[in-house]
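When reading the values below, keep in mind they use all heavy atoms of this one structure, side chains included, and skip hydrogens, waters and symmetry mates.
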Amino acid sequence: MFAAAKSTENSPRPSIGFHALTLATFFAASAAPTPLYRIYQENFSVSPVLITVIFAVYAFALLAALLIAGSISDHLGRKPVIFFALVLEIAAMGLFVVASGPAWLIAARIVQGLATGIAGASIGAALVDVDRAKGQIVNSIAPLCGMAVGAVGTSALIQYGPFPMHLVYALLFVAFTLQAAAIWLTGETGAKRPGALGSLIPRVTVPKQVKRPLSLVTPINIANWTLAGFYLSLVPSLVATTTGSGAPLTGGAVVTALMVSGAIAVYLRRSKTASANLVFGVSAKTLGILTVVAGVHLANVPLLLVGTIFTGVGFGTNFLGSIGTIMPLAKPDERAGLLSAFYVQSYLAFSLPAILAGFLAKSAGYALTTDIYATAILLLMGVGMVSIRADRRKVAGSAA
């Protein structure tokens, strides 16, 4: 995902496992609040709208961190920046533990978003430093696996453990503290260089040759991240409300199914062309969404799970297809700015529609909100595929 720097250690390879685990832990923590949102609603009298705001501020903070500090580890080295991110994350876990209302949750999510954005960029770069090919795969799969573990693990702790609103954060607090100590035992994979202050200026650029391809995949990418935001903010409450299943593991399992199937799809289809991935992804996601809608209206949890698996396959494959469409077209010195633009688009789609979903859920109910979201996502994907095919016909006609 990020430009690699030459290693300053003789044998940094053993650190790839540690960095992969640390990256996954950050994203596990990011998904940990998802099964708790319904409990926050009950204990703090929080509306669905405020729940989605609590969810969205995390995405805004993460995006800000990526834009401002995304390349700082290229100048200061990977280890000190990763350590700083871990310290921020430890602070966020502490805020969650002492949270006594929505204001505390918003503060915790902002700090967590900043920490995850800094960690994602610096750990992602470290992974590519160690092994470019394996690092790129880990960068794609570790966040999804982490979120899956975070969702199902938190759900299990809520259902079977004590202190449901605090235990998971206490355990994560300990895990991040251990990782903050262990980071200094790993090899430094990056090289320090001047220009740290200048790197803090956000650079969001779309090269001329990428503007058209990016515009073509934009509807599919927006549909992708809108769906992810909906799942991570409202799906546990949706499952409980529409199926009558109050077991936290049920809602957590549905969210986990999305992430696990997405990770598997990324791994299995990593060598396919961008075009093939988009066609496959849109088809799988369409089937999945229609099945999910059926599961909601039939109050059928197994159907919801099956639909989510297909949806997750489409989610992961569409992500691969979108990135594969635009990144090969950028020159080496254009990639960072292009990635920034892509993530601005992605995280805005991840967060802003989720707030709208909160308003819809409050006023129209979860089932109708699902119908509206499903329709919008299907329409966006349809527009994207029609535009891509029309562009291909135009190019073929010009060549002839």
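Residue pairs that meet the salt bridge (Lys or Arg N to Asp or Glu O under 4.0 Å) test with at least one member in residues 88-105, sequence neighbours left out, do not exist here. Residues in residues 37-54 take part in these salt bridge (Lys or Arg N to Asp or Glu O under 4.0 Å) pairs, two or more places apart or across chains: Arg38-Glu42. Screening residues 91-105 for side-chain hydrogen bond (donor to acceptor under 3.5 Å, both in side chains) gives Ser100-Trp104 as the qualifying pairs, with residues at least two apart or on separate chains. Each side-chain hydrogen bond (donor to acceptor under 3.5 Å, both in side chains) pair with one or both residues in residues 308-330, not counting sequence neighbours, appears once here: Tyr231-Thr308. Identified under the side-chain hydrogen bond (donor to acceptor under 3.5 Å, both in side chains) test for residues 145-169, with sequence neighbours left out: Tyr40-Tyr169.
When the side-chain contact (heavy atoms from CB on, under 4.5 Å) test is applied to Leu171, the partners found at least two apart in sequence or on another chain are Leu157, Leu167. A search for ring-ring contact (aromatic ring centres under 6.0 Å, His included) contacts involving Phe230 returns Tyr373, not counting sequence neighbours. Looking at residues two or more places apart in sequence or on another chain, you find a side-chain contact (heavy atoms from CB on, under 4.5 Å) between Thr218 and Leu214, Ile222, Gln345. Residues forming a side-chain hydrogen bond (donor to acceptor under 3.5 Å, both in side chains) with Ser237 (at least two apart in sequence, or on another chain): Gln41.
By the 4.5 Å heavy-atom criterion applied to side chains, Pro236 and Val255 are counted as neighbours. Taking 4.5 Å as the limit, some side-chain heavy atom of Leu339 sits within range of a side-chain heavy atom of Ile323. Residues Lys285 and Leu227 meet the side-chain proximity criterion, which asks for heavy atoms closer than 4.5 Å. Under the 4.5 Å side-chain criterion, counting only non-hydrogen atoms from C-beta, Ile137 is not in contact with Val266.
Ring geometry for Phe315 versus Trp225: interplanar angle over 60°, hence perpendicular rather than tilted (30 to 60°).
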- Task: Please assess Leu232 against Met259 for the test side chain to side chain contact (heavy atoms under 4.5 Å, CB included), listing each intermediate value before the final yes or no.
- Result: CA-CA 10 Å; Leu232 286 169; Met259 302 305 166; 3.9 Å; yes
- Item | Thr243/Val296 under side chain to side chain contact (heavy atoms under 4.5 Å, CB included): CA gap, chis, key distance, verdict | CA-CA 7 Å; Thr243 68; Val296 168; over 6 Å; no
- Please test Phe342 against Asn221 for side chain to side chain contact (heavy atoms under 4.5 Å, CB included), starting from the C-alpha separation and ending with a verdict. CA-CA 9 Å; Phe342 181 78; Asn221 189 49; 3.3 Å; yes
- Task: Mind running side chain to side chain contact (heavy atoms under 4.5 Å, CB included) on Arg392 and Ser275 for me, showing each step along the way?
- Result: CA-CA 11 Å; Arg392 285 178 190 157; Ser275 175; 2.5 Å; yes
For a quick test of your reading: what N or O donor-acceptor pairs under 3.5 Å do the side chains of residues 16-29 make, sequence neighbours left out?
residue : atom : partner : partner atom : Å
Thr22   : OG1  : Phe18   : O            : 2.8
Thr25   : OG1  : Leu21   : O            : 2.7
Thr25   : OG1  : Gln179  : NE2          : 3.1

Would you be so kind as to tabulate the donor-acceptor pairs closer than 3.5 Å made by side chains of residues 51-70, with sequence neighbours excluded?
residue : atom : partner : partner atom : Å
Thr52   : OG1  : Pro48   : O            : 3.3
Thr52   : OG1  : Val49   : O            : 2.6

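Applying the under-4.5 Å side-chain rule to Ile, Leu, Val, Met, Phe, Trp and Tyr, the cluster around Leu178 extends to Val174.
Side-chain N/O atoms of Thr186 and Arg78 include no donor and acceptor closer than 3.5 Å.
Hydrophobic clustering, with ILVMFWY side chains joined whenever heavy atoms are under 4.5 angstrom apart, groups Met385 together with Ile377. Using a 4.5 Å cut-off between side-chain heavy atoms of Ile, Leu, Val, Met, Phe, Trp and Tyr, with links allowed through other members, Leu268 and Val260 fall into the same hydrophobic cluster. If you chain together hydrophobic residues whose side chains sit under 4.5 Å apart, Val313 and Val254 never meet in one group. Under the 4.5 Å side-chain heavy-atom criterion for Ile, Leu, Val, Met, Phe, Trp and Tyr, Leu114 and Ile90 are members of the same hydrophobic cluster. Taken together through direct or relayed side-chain contacts under 4.5 Å among Ile, Leu, Val, Met, Phe, Trp and Tyr, Phe280 and Val386 form parts of separate hydrophobic clusters.
For the atom pair CZ of Phe350 and OG of Ser233, the computed distance is 8.0 Å after rounding to the nearest 0.5 Å.
Asn277 pairs in a side-chain hydrogen bond (donor to acceptor under 3.5 Å, both in side chains) with only one of the listed residues (Arg270, Lys272, Arg269), which is Arg269.
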